Amino acid sequence: MRNIGAISYKELSIYFASPMAYVIAGVFLALTGVFFVESIDQPFATATVAVMLRNTAFFLMPLIPPILTMRLLAEEQKLGTLELLMTAPVRDYEVVIGKFIASFVILGVTVLLTLVYVLILLFYADPDLGPVLGAYLGILLYSTTTLAIGLLASALTGNQIVAASVGFGLILLFSVIDSVSAVLSGVAATVLEQVSLTAHYDAFARGVVDTSDIIYYLVMAAIFLFLAVRALESRRWR
């Protein structure tokens, strides 16, 4: 745990020492502000928050996580510091988890900053906080999987642009794959719908917290983090 904490602290320091975290937070808040203003005409205050977060999941989550994670392992490979890190008394999974935690803290704090829109609604309306909190839980769980996908992409290449592109492509694939299931039937349609990121978020957007959806995001994040660890381990044999 000490190694994971040290790696997370180092990555957080790098995030805050560079303009990346501030630019991403600024762009994220600006775009969610646009989503909030566009959804303000919804008949219920709770629906306003749900629409804002749904748009955030659909339009921002395929883009922001790959940008946050693209340098985490790709830059280490490009600069040659990954080899030094791998020869240090630290396990591969500690490297991956430490970097994942740092990126999740940055994205999580950025998402929670949008609670200012909820405070505005509380001042002018009376939203039901249950569905609102459920929707926020859903977007944070959504973030765990997208960040894990982005970290895997970063582990596969030494080029940050390639890492961001691969991460974006994978997240987009898992976001729209449920639309393919609409033209299929039987087991194939069911499988595609069950692996879709957005299909499992819909319940949270409606204020329904289902244990199966929580497990889905956690399992998906664990799978992609495991693959990132394996990609890192494979470099020892090159």
Side-chain angles (χ1 to χ4, degrees), residues 1-29 31-32 53 56-76 85 90-115 133-156 160 163-164 166-168 170-172 174-175 197-198 200-201 204 209 213-229 231-232:
M1 290 299 294
R2 180 181 298 178
N3 290 335
I4 293 175
I7 293 171
S8 297
Y9 179 79
K10 172 199 167 189
E11 293 299 335
L12 286 171
S13 299
I14 294 174
Y15 274 126
F16 287 114
S18 70
M20 174 180 287
Y22 307 101
V23 170
I24 289 177
V27 171
F28 189 92
L29 291 174
L31 292 176
T32 52
L53 292 178
T56 299
F58 293 169
F59 296 109
L60 294 185
M61 284 305 166
L63 181 62
I64 299 298
I67 295 176
L68 269 177
T69 57
M70 65 181 184
R71 69 161 191 85
L72 291 180
L73 292 170
E75 187 179 50
E76 300 266 19
L85 185 61
V90 58
R91 298 180 182 275
D92 294 331
Y93 77 86
E94 292 176 328
V95 174
V96 171
I97 293 176
K99 291 176 179 290
F100 170 78
I101 290 175
S103 62
F104 180 77
V105 168
I106 295 296
L107 186 54
V109 170
T110 303
V111 169
L112 293 179
L113 286 175
T114 63
L115 286 170
L133 295 177
Y136 270 97
L137 173 62
I139 202 73
L140 290 174
L141 288 168
Y142 200 107
S143 300
T144 61
T145 301
T146 53
L147 287 170
I149 292 174
L151 198 56
L152 170 61
S154 184
L156 294 175
Q160 295 186 45
V166 172
F168 172 78
L170 287 173
I171 296 170
L172 186 63
F174 280 97
S175 297
L197 287 169
T198 53
H200 287 272
Y201 177 74
F204 289 104
V209 178
D213 294 323
I214 296 176
I215 293 174
Y216 162 81
Y217 285 118
L218 295 179
V219 169
M220 288 290 284
I223 289 173
F224 284 107
L225 288 176
F226 172 76
L227 292 175
V229 172
L232 204 59

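What's counted below: heavy atoms across the whole structure, side chains too, no hydrogens, waters or symmetry copies. By convention here, the first residue in the shown sequence is residue 1. These numbers were taken from a predicted model, which means no experiment stands behind them.
- Leu73 is listed as a side-chain neighbour of Val95, based on a closest heavy-atom distance under 4.5 Å.
- By the side-chain hydrogen bond (donor to acceptor under 3.5 Å, both in side chains) test, Tyr201 pairs with no residue at all, sequence neighbours left out.
- If you take OH on Tyr9 and CG on Leu12, they are separated by 9.0 Å, rounding to the nearest 0.5 Å.
- Residues passing the side-chain hydrogen bond (donor to acceptor under 3.5 Å, both in side chains) test with Thr56: none are found, sequence neighbours excluded.
- For Leu63, the side chain to side chain contact (heavy atoms under 4.5 Å, CB included) partners two or more places apart in sequence, or in a different chain, are Ile67.
- Separation of atoms OG (Ser175) and CZ (Phe58) is listed at 8.5 Å; rounding is to 0.5 Å.
- Applying the ring-ring contact (aromatic ring centres under 6.0 Å, His included) criterion to Phe174, with sequence neighbours excluded, gives Phe224.
- Under the ring-ring contact (aromatic ring centres under 6.0 Å, His included) criterion, Tyr217 pairs with Tyr142, not counting sequence neighbours.
- Taken from CD1 in Ile97 to CG in Leu151, the straight-line distance is 10.0 Å, to the nearest 0.5 Å.
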Just do the side chain to side chain contact (heavy atoms under 4.5 Å, CB included) check on Phe100 and Thr144 with the steps written out, would you? CA-CA 9 Å; Phe100 170 78; Thr144 61; 4.2 Å; yes
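- With sequence neighbours excluded, the residues forming a side chain to side chain contact (heavy atoms under 4.5 Å, CB included) with Ala25 are Thr110, listed by chain and number.
- For Val166, the side chain to side chain contact (heavy atoms under 4.5 Å, CB included) test picks out Ala153, Val162, Leu170, with sequence neighbours left out.
- The CD1 atom of Ile4 sits 10.5 Å away from atom CZ of Arg91, with the distance rounded to the nearest 0.5 Å.
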Using the rule given for side chain to side chain contact (heavy atoms under 4.5 Å, CB included), can you reason through Tyr22 versus Phe16, listing the C-alpha separation, both sets of side-chain angles and the distance that settles it, and then say yes or no? CA-CA 8 Å; Tyr22 307 101; Phe16 287 114; 3.6 Å; yes
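- Partners of Tyr136 under the side-chain hydrogen bond (donor to acceptor under 3.5 Å, both in side chains) rule, at least two apart in sequence or in another chain, are Thr114.
- Residues that satisfy the ring-ring contact (aromatic ring centres under 6.0 Å, His included) test with Tyr216, not counting sequence neighbours, are His200.
- Atom CG of Leu147 sits about 12.0 Å away from atom CD1 of Ile101, to the nearest 0.5 Å.
- Contact annotation: the side chain of Phe204 approaches that of Leu141 to within less than 4.5 Å [non-hydrogen atoms, C-beta and beyond].
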When you look at Met220 and Ile215, which way does the side chain to side chain contact (heavy atoms under 4.5 Å, CB included) test go after all the steps? CA-CA 8 Å; Met220 288 290 284; Ile215 293 174; over 6 Å; no
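- Proximity of Pro66 to Ile171: side-chain heavy atoms (C-beta onward) are separated by under 4.5 Å at one or more points.
- Ser154 contributes atom OG, which lies 7.5 Å from atom CD of Gln160 (distance to the nearest 0.5 angstrom).
- Residues satisfying the side chain to side chain contact (heavy atoms under 4.5 Å, CB included) test with Tyr15, not counting sequence neighbours, are Met20, Ala21, Leu68, Arg71, Leu72, Ala102, Ser103, Ile106.
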